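Everything numeric here is computed off the predicted structure, so don't read it as measured data. Note that these values count all heavy atoms, side chains included, but never hydrogens, waters or copies made by symmetry.
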Amino acid sequence: MVGVLVRLKLRVLRNSLRGRQIAGMVLGGVFGLLAAAFTIGIAVFPVPEARISVDLLTSVYAVWAAGWVLAPIATGGGDDTLRPEHFALLPIGRRKLAIGLLAASFVGVTAVVSMLAFLGLAFYGLRFGAGAAFVGLVFGVLQLAFVVLLYRVVMAALGALLTSRKGKELGIIVVALTGLSGVAVNYVVNSLGPAIVSGRMPGFVSVMHSLPSGWGTLAVHAAGTGEWAVAGGLFAALLAVIAVLVVVWGALLARQITTPSFRGAARTRAKRTRASRTLLPATPVGAVVRKELLTWWRDARRRVALLSTLLIGLVITVVPALSGGTGGRASMLPFFGVAVVFFASMQSGNLYGMDGSALWHTLVVPGAERADIRGRQLAWALIVGPAALALAIVLPAVTGKTSAYPWVLGLVPAALGGGAGVLVLQSVFLAFPLPDQRRSSSPWSSGGRPGCARAALMLATTLLIVIGALPVVALGVAGTLADLPVLQWLGVPVGVVSGIALAWWWGSLAQRRLVARGPELLATVSKER
C-alpha cells in the first residue's frame, strides 16, 4: 500500500504540473533551500561554547516544526494531492491507510527541503565523531516523520472541529495564534537570537529543549559527550511520540472518512429582528448582501480564509513594538489598517470557487449577475471596512504619528474600494475549484493548488490595489515636498472617490465577464478536485 500511494502521488503531481505550478514550486524550493542552508550553517560552524549551538539548533528546529503546522493555516492551503476521502469506499484498514498517506507526504519539495534542514543534525554530530553523526542522521529522519505527522494530525483535528458550528470559536483562536506566530518569528530574529547566544534566556531555552523538535539536537550532543543512555532515552521517547501520532491520525482518518462533514442547513429563527430588516434594503442587492454576510459567518472555509488574514493583519501591527523596533519599522505602524485590507483581499478572491456549483442559482435568474456582484462587494466591504477604519483612526494617535492621518485616512478607502473590485475580478477571471465541503471535512482543503501559485495571485492582487491608491500617494508626496498639509488632506476625499470609482469600475468588468462567460465559469468551479 505504501508503494502504491507513493507512486500515485508522483503520478498526480507529474500530470498536474503546468508552467505556473512549476514556477511556484521552484520559487518555494529556492526559499526553502536558503532556510535549510541557514540551519545547516548553524550546525556546521563551531562556536566557543557548545551550549550556544545546542540552544540555537533546538530553537531553529522548533521554528521548522511550527512552520509545518502554521503555514498551511496562514495560507489557507496544504497538501491535498491525496485526500482520505478518495479511499472511503476501498477496503483499506485505517492504520494501513494512515501509514501509506504518511509515506506519500514525504513526496514533495517541502519534505525534501525539510529533510535537508534536519540533516543538519548529522553535520552537527560530525563535530564529535562518526557515532554522533550516525545518531544525527537517525534523528534527522525521525524528526521529519514527527513534523509531517504533527502537521497531518493538527490539520485533521482542526478540520473536523471547524466543520461544526461549535468549533467556530476554536477556529478564531487558531487563526489568531497563527497570526501571533508572525510576532514570535520577528521577536526571535530581533531579540531572542542575541539573547540565546549571550545566555540571557534560560527559561526559553529550557522550553525549546523540552519540545520533541529539540530532542534530536540533545541526543546528538549527548552521544558526542559519551552519554549514550540519554541518547537512547531520547530515541525511545521520540519513537513513542511518533507511534502515538500515527494512532491518533488513524482514528482521525476513520472519522474523516466515515462521518459526513455536511450536516445540512443550520436551524434559524423564523422571526427576524427589526434591525436586520432595516439595515439592508429590500432589494436584490440587499438580499445578496444578507446572504453573503451569513455565509461568511457560517461557512468554515470562508471563516478560515478571511479571519486568518484579518487577524494576521491585526497582529502584525504590534510587531515593531514587541521587537523593540524603531525608525522605519515603527513609523509604518499607523499604516497597518491598509495592510488589513490587503490581506483580506488576498485570501478572499475566489468567491465563486468557494461556492462551487451554487453559481447555477445566479445564472438561471435573468439579470441577477449585477445584484450578485454588487452584493458580494458590499458584504465584503462591510466585514473588512470597520476593522481597517478602526485601525486607521486609533493607531496614529496611539503611536504619536498624527502626521500620518491624512495618508491613512486616504489610503484606507482607496484600498478598500480597490480590494472590493479586485475581489470580484479575481473571482470571475481567476477562479479555481475547491473540494466539495460535503466530501472533505477540512476547511483548509484547497484541491492541491500549490501555495506558491496562490501567493503569486495574491501579489498580483496587491499590485492592482497599489495602482488604485497611487493618486492618494501622489498627493501625499506632493504635500510633503511642498510643505502644504492641505494637499495631504486633499488625499482623503480623493481616496474616497478613487475607492468608489475602482469598486464600481472593476465590479462592472466582473459583471460583464460573468454575463458573457458564466457557463464556462460554472464548469470551472464545479469540477471535482
Is the shortest side-chain heavy-atom distance between [X] and [Y] below 4.5 Å?
| X | Y | answer |
| --- | --- | --- |
| Arg376 | Lys291 | yes |
| Val486 | Leu490 | no |
| Trp64 | Val113 | yes |
| Leu363 | Leu514 | yes |
| Leu423 | Trp506 | no |
| Ser345 | Trp380 | yes |
| Leu351 | Gln426 | no |
| Val424 | Val428 | no |

With a 3.5 Å distance limit and no angle check, can you tell me whether [X] reaches the backbone of [Y] through a side-chain donor-acceptor pair?
| X | Y | result |
| --- | --- | --- |
| Thr362 | Asp372 | no |
| Tyr151 | Gly67 | no |
| Gln377 | Ala420 | yes |

Drop me the distance from [X]'s [atom1] to [Y]'s [atom2], to the nearest 0.5 angstrom.
| X | Y | atom1 | atom2 | answer |
| --- | --- | --- | --- | --- |
| Trp68 | Leu149 | CH2 | CG | 10.5 Å |
| Leu522 | Trp360 | CG | CH2 | 10.0 Å |
| Leu430 | Thr524 | CG | OG1 | 11.0 Å |

Of Leu475, Val477, Thr480, which meets side-chain contact (heavy atoms from CB on, under 4.5 Å) against Gln488?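 Only one of Leu475, Val477, Thr480 forms a side-chain contact (heavy atoms from CB on, under 4.5 Å) with Gln488, namely Thr480.
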Assess whether atom CZ of Phe429 is packed by more than 12 heavy atoms of other residues, nucleotides or ligands within 6.0 Å.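 Atom CZ in Phe429 is packed in, count exceeds 12.
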Neighbour count above 12 (heavy atom, 6.0 Å) for Trp505 CH2: no
Residues Val408 and Pro413: closest non-hydrogen pair is O-CD, 4.3 Å
Tell me whether the NZ or CZ atom of Arg374 lies within the 45° cone about the ring axis of Trp504 and under 6.0 Å from its centre.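 Yes.
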